[in-house]
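Residue numbers start from 1 in every chain, and the chains themselves are labelled A, B, ... in the order their sequence lines are given, proteins ahead of strands. Please read these numbers as outputs of a predicted model, since none were measured by experiment.
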2 protein chains.
Amino acid sequence: MSKQQAPLALIDLNADAPCCPPLAQSQVPAETAAVLAPAFKALGDPVRLRLMSMIASAEDGEACVCDLTPAFDLTGPTISHHLKTLREAGLVDAERRGTWVYYRARPQILRQLAALLSIEPAAAAKA
Amino acid sequence: MSKQQAPLALIDLNADAPCCPPLAQSQVPAETAAVLAPAFKALGDPVRLRLMSMIASAEDGEACVCDLTPAFDLTGPTISHHLKTLREAGLVDAERRGTWVYYRARPQILRQLAALLSIEPAAAAKA
DNA sequence: CGCCTGTCTCGACGCCCGTCGAATCAGAGA
DNA sequence: TCTCTGATTCGACGGGCGTCGAGACAGGCG
C-alpha cells in the first residue's frame with residue numbers, strides 16, 4: 001500500500017499557543033506530560049539528537065537523507081527509522097522532491113520544549 | 001551494603017560552562033550528544049516529566065518523596081525507580097533528613113538543555 | 001529494645017526500542 | 001519499458017525499560 005506520502009505529524013499540540021509555562025514554575029499537568037514526553041523521548045537518543053541538530057542547523061533549513069546517512073556508522077534503514085521517530089514526535093517534517101527526501105525542523109515545538117525547561121533567574125538564584 | 005548515602009550525580013558535564021550552543025545553530029558533536037541524550041531520555045517519560053516539574057516547582061525548591069508518591073497510581077518502588085533515573089541523569093539531587101528524603105532540581109543542567117533547544121528569532125522567521 | 005513508617009534494592013515479567021538484512025516503493029534516465 | 005539509485009517498510013533478534021511484589025535498610029517513638 002502506497003500511502004506514506006502524507007508526512008503529517010502525529011502530535012499537534014496547537015503550535016500557536018505558548019502551551020506551557022516553565023516546568024519549574026507550575027506543575028505540568030498529566031495531559032501535557034503525556035503529550036510532551038514523547039518529544040523528549042525522541043531526543044533521548046544520541047543519534048536522533050545529532051540528526052535533529054544536523055537538520056535544524058542545515059544551510060537552507062533542510063537536510064537531505066542522503067547527506068545525513070553517511071554521517072553515521074549505521075545502515076540506511078536504521079537512519080530512516082530514527083527519522084520516522086522524529087517525524088512522529090512532531091519534531092521534523094519530511095518532503096520528497098524528486099529522488100531525494102528532505103527533512104526540516106519544526107521550530108514551534110522546539111520553542112515549546114525550550115520554554116518548558118527555561119528557568120527564570122529568580123529560581124536559579126534561590127537554588 | 002549501606003552506601004546509598006551519597007547522592008552523587010553520574011553526569012557531571014562541567015555545569016559552569018555554557019556547554020552548548022543551540023542545536024539549530026551548530027551541529028551537536030557526537031560526544032555532546034552522548035552526554036546530553038540521557039538527560040532528554042530521562043524526561044521522556046510522562047511520570048518522570050511530572051516528577052521533575054513537581055520537584056522543580058515545589059515551595060522551597062525541594063519535594064519529599066512522601067508528597068510525590070501519592071500523586072500517581074504507581075507503587076512506591078516504581079516512583080523510587082523513576083527518581084533514581086532522574087538522579088542518574090543529573091537532573092535532581094537527593095538528601096535524606098530524618099525519616100524523609102527530599103529531592104531538589106539542578107537548575108544548571110535544565111538551563112543547558114533549554115539553551116540547546118533555544119531558537120533565535122532569525123531561525124524561526126526563516127522557517 | 002522492639003515496632004512502625006518511609007524509602008530503597010532486588011528479582012521477575014512483559015513490552016518496547018535500536019539495529020540489521022531483505023524486500024518493496026518512488027522517481028529519474030537510457 | 002527496463003534498470004538503477006535513493007528511501008522506506010517489514011520481520012527478526014537482543015537488550016533495555018516500566019512495573020510490580022517481596023524483602024532490606026534507616027530512623028523515630030513507645
To the nearest 10°, let me know how far the axis at one end of the helix from C:dC1-D:dG30 to C:dA30-D:dT1 is tilted from the axis at the other, five pairs an end. 10°

Ignoring backbone atoms, test whether A:Tyr103 places a side-chain nitrogen or oxygen under 4.0 Å from the OP1 or OP2 oxygen of D:dT8. yes

Nucleotide D:dG28, atom P - distance to CZ of B:Arg97 in whole Å: 13 Å

What is the distance, rounded to the nearest whole Å, between atom CZ of A:Arg50 and atom C1' of C:dG18? 16 Å

List the residues meeting side chain to side chain donor-acceptor pair (under 3.5 Å) with B:Thr78, not counting sequence neighbours, and say none if there are none. B:Thr75

For A:Leu83 and C:dG18, give me the distance from atom CG to atom P, rounded to whole Å. 13 Å

Base, sugar-phosphate alone, or nothing: which one does B:Gly98 contact when heavy atoms must sit under 4.0 Å apart? sugar-phosphate

Qualifying side-chain hydrogen bond (donor to acceptor under 3.5 Å, both in side chains) pairs, either residue in residues 61-72 of chain A, two or more places apart: A:Glu62-A:Arg97, A:Glu62-A:Arg104

What nitrogen or oxygen pairs link the protein and nucleotides 16-19 of chain D at under 3.5 Å?
from   : atom 1 : to      : atom 2 : distance (Å)
D:dC17 : OP1    : B:Lys41 : NZ     : 3.3
D:dG18 : OP1    : B:Arg48 : NH1    : 3.1
D:dG18 : OP1    : B:Arg48 : NH2    : 2.7
D:dG18 : OP2    : B:Arg48 : NH1    : 3.2
D:dT19 : OP2    : B:His82 : NE2    : 2.3

With sequence neighbours left out, what residues match B:Gln25 under side chain to side chain donor-acceptor pair (under 3.5 Å)? none

Which residues satisfy the side chain to side chain contact (heavy atoms under 4.5 Å, CB included) test with B:Ala33, sequence neighbours excluded? A:Pro46, A:Leu49, A:Arg50, B:Val28

Apply side chain to side chain contact (heavy atoms under 4.5 Å, CB included) to B:Ser57 and list each qualifying residue two or more places apart in sequence or on a separate chain. A:Gln27, B:Ser53

Across all chains, not counting sequence neighbours, the side chain to side chain donor-acceptor pair (under 3.5 Å) partners of B:His82 are B:Arg48

When the distance from CZ of B:Arg87 to P of C:dT7 is rounded to whole Å, what number comes out? 13 Å

List, with names and distances, any nitrogen or oxygen atoms from the protein found under 3.5 Å away from nitrogen or oxygen atoms belonging to nucleotides 3-6 of chain D.
none

Residue pairs passing the disulfide (SG to SG under 2.5 Å) test with at least one member in residues 25-88 of chain A, sequence neighbours excluded, are A:Cys64-A:Cys66

